[in-house]
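Keep in mind that this is a model prediction, so the values were computed, not measured. As the structure lists them, so they are numbered: ligands from 1, and atoms in each ligand from 1.
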Amino acid sequence: MDQFTFPYFGFGLCFFLALLLYAVLRAVCGSGTKHRRRLRLPPGPWQLPVIGSLHHLLWGLPHRTIRDLSLRHGPLMLLRVCERVAIVVSSAEAVREIYKGNEALFSERLSSPGIDELSRHGQGIIFAPYGDHWRLLRRILMTELLSARRIEAFQRIREEEAARLVSSVQAKSSSSGGGLVNVGELLDEFMTDSAVRAIFGDRLPDRAAFMKIVKQGVSLASLFDLRDLFPSSWLVRLLPRGSGKAERHRQEMFKLMDNILKTHQERRASTDGDDEHDLVDVLLRIQKEGDIRVSLTDGIIRAVLIDIFGAALDTTSTTLQWAMAELVANPIVMHKVKLETRRVLAGQATIQESMLKDMHYLRATIKETLRLHPPAPFFPRLCLQDYKIHGYDVPRGAIVLTNIWAISRDPKYWDEPEMFRPGRFEGNNDVDFRGMDFEFTPFGVGRRICPGIGFAHASIEIALASLLYHFDWDLPKGVEPGKMDMTEVFGVTLSRKANLFLHPIPYVPV
Ligand code: HEM
């Protein structure tokens, strides 16, 4: 996966252009700062003209650097990156104060010309402005696309894909003479295949081309865009915009998506359209029913499908990879979760989801993985109205950036926060990730909380149970559990830098 490049990519160019623009911007927007001087803004690191706090963010991984800055300046911290004002939130109390009661003021997503272009002008859900369009899509997601009933309907797909994952591990291990297997790659394939089948169906035309274009989209989404830092500058908007890659990508993606919609429409027409195999079918049925306030155009359907697919893939696969890495790095935990899996599944040749409901320690292991390795370490929102938090002013238009990662490692809320100890989620501890416990928010909070929790959890649970039931796992020769490379990469998700190569030893052969 491409490394996240903002604000590193092209910093030299950015700095040079920024200085060049400084005089112009001051002349054009200089008056805008008068209002701010009267506000009581949260403390923050010292700023430079034009680039603000950007120079503090140039080294290290952003979630760690920002956590370290917050430890010095407080749980509400002001950062300014060029024209953007951000209030970083690093305590559960502040998250509670913001999102309990006043949530509507903080339910807007970040927007900028660059994001707008990539997000198909908010036609999808992730970057949709907080309004009727978003409300309609959210309702469709919660009651139709990602409802508990729909997640259950995809159970067969997950079971088949989990069985395929087990076979692939066994086949790869045999072909390498009982050697090492790239577990990360196989988990990626598991998640991609499960998501493709659930969202687009078993017969996705041009699957290889589709996957290639999705990967391109992911790397384009992480490219730095000067317009995002100077959204109000007409001068920046006039600058040449690279090679038009984003636009070309959009066109190609649209072509492929149109093809997918056409194939589905033809099949539905030839079978009276009753069958619903996947999410495309569901959306086409809702479109046909036409009893909703905003019409669901093909463009909106395309954008929503791309959003769901993009949101589901890397987040879930990354979580699975961290879970396996933490388990092999912590043999006592591995032993305990394997015992549970083998006790509950004893005698089964293959795994069905209904068998997993008593696996409490496995579920605690998934929670602990999400606590230590939230795939999205921040969730940014926009403040829609001047507001006061903990006595500080949060101006309208400021980005409110919650550092999920910092809060879920804060010793104020967690004993030995750096340790991988799923046991902390056992017994009387019912802390959960559904948005009510503000010290643990890997899926975000409030109205825009991730609607894919059920989808993600069901996929993670069956994949992990399958790997732990069918195999024992050894580290490569010479690597000690405590010496594993756990370096993170801050990309579209907070993923592992090193490939996860492990040695599988069949326990219940397929
Ligand atoms: C471990 C897996 C996942 C994690 C950690 C995760 C995390 C997140 C986070 C932090 C947000 C932002 C929430 C906020 O602003 O409060 C989000 C939004 C979203 N996620 Fe997930 N996600 C995961 C899997 C999925 C899956 C599987 C899907 C779909 C099948 C999905 C669909 C979405 C969508 C559509 C949004 C935007 C919701 C909106 O703006 O209303 N996510 N996710």
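With a 4.0 Å cut-off on non-hydrogen atoms, Pro442 touches ligand 1 through its backbone and not its side chain. Contacts with ligand 1 closer than 4.0 Å are made by no heavy atom of Thr441, backbone or side chain. In Ile125, the parts holding a heavy atom less than 4.0 Å from any atom of ligand 1 are both the side chain and the backbone. At a heavy-atom distance under 4.0 Å, only side-chain atoms of Arg138, from C-beta outward, approach ligand 1. Residue contacts with ligand 1, taken as heavy atom pairs separated by less than 4.0 Å, involve Phe443 via backbone and side-chain atoms alike.
A salt bridge is defined here as a Lys NZ or Arg NE, NH1 or NH2 lying under 4.0 Å from an Asp or Glu carboxylate O, and Asp193 with Arg164 meets this definition. Between Asp132 and Arg135, at least one side-chain N (NZ, or NE/NH1/NH2) sits under 4.0 Å from a carboxylate O, which counts as a salt bridge. One finds a salt bridge joining Arg197 and Asp202 here, because a Lys/Arg side-chain nitrogen approaches an Asp/Glu carboxylate oxygen to under 4.0 Å. Between Lys336 and Glu426 there is a salt bridge, with a side-chain nitrogen of the basic residue lying less than 4.0 Å from a carboxylate oxygen of the acidic one. Salt bridge absent: Asp485 and Lys497 never bring a charged side-chain N and a carboxylate O closer than 4.0 Å. With respect to the salt-bridge test (charged N to carboxylate O, under 4.0 angstrom), the residues Glu416 and Arg421 qualify. A salt bridge is defined here as a Lys NZ or Arg NE, NH1 or NH2 lying under 4.0 Å from an Asp or Glu carboxylate O, and Arg371 with Glu368 meets this definition. The pair Arg285-Glu276 counts as a salt bridge, with a side-chain nitrogen and a carboxylate oxygen less than 4.0 angstrom apart.
Close contacts between ligand 1 and Trp134 involve ligand atoms 39 (C), 40 (O), 41 (O) [criterion: under 4.0 Å to a heavy atom]. Ligand 1 places these atoms under 4.0 Å from at least one heavy atom of Pro375: 5 (C). Short contacts between ligand 1 and Val445, defined as distances under 4.0 Å to a heavy atom of the residue, involve ligand atoms 16 (O). Under a 4.0 Å criterion applied to the non-hydrogen atoms of Gly444, ligand 1 contributes the atoms 10 (C), 13 (C), 14 (C), 16 (O). Those atoms of ligand 1 with a heavy atom of Leu146 less than 4.0 angstrom away are 29 (C), 30 (C).
Scanning all protein heavy atoms for the shortest distance to atom 32 (C) of ligand 1 gives Ala311 CB, 3.4 Å. In terms of protein heavy-atom proximity, atom 1 (C) of ligand 1 is nearest to Thr319 OG1, 3.4 Å. Scanning the protein heavy atoms around atom 12 (C) of ligand 1, the nearest turns out to be Arg109 NH2, 3.7 Å. Scanning the protein for heavy atoms near atom 23 (C) of ligand 1, the closest one is Thr315 OG1, 3.5 Å. For atom 16 (O) of ligand 1, the closest non-hydrogen atom of the protein is Arg381 NH2, 2.6 Å. With hydrogens left out, the protein atom closest to atom 19 (C) of ligand 1 is Pro451 CD, 3.6 Å, a heavy atom. From the protein, the heavy atom lying nearest to atom 29 (C) of ligand 1 is Ile308 CG2, 3.8 Å. Scanning the protein for heavy atoms near atom 22 (N) of ligand 1, the closest one is Cys450 SG, 3.1 Å.
Donor-acceptor pairing under 3.5 Å is lacking for the side chains of Gln123 and His133. Residues Asp298 and Gln287 have side chains that bring a donor and an acceptor to within less than 3.5 angstrom of each other. Side-chain atoms of Glu93 and His390 include no donor-acceptor pair closer than 3.5 Å. Between Thr318 and Thr493, the side chains place a donor N or O and an acceptor N or O closer than 3.5 Å (distance only, hydrogens not considered).
For Thr316, no nitrogen or oxygen atom sits less than 3.5 Å from a nitrogen or oxygen atom of ligand 1, counting backbone and side chain alike.
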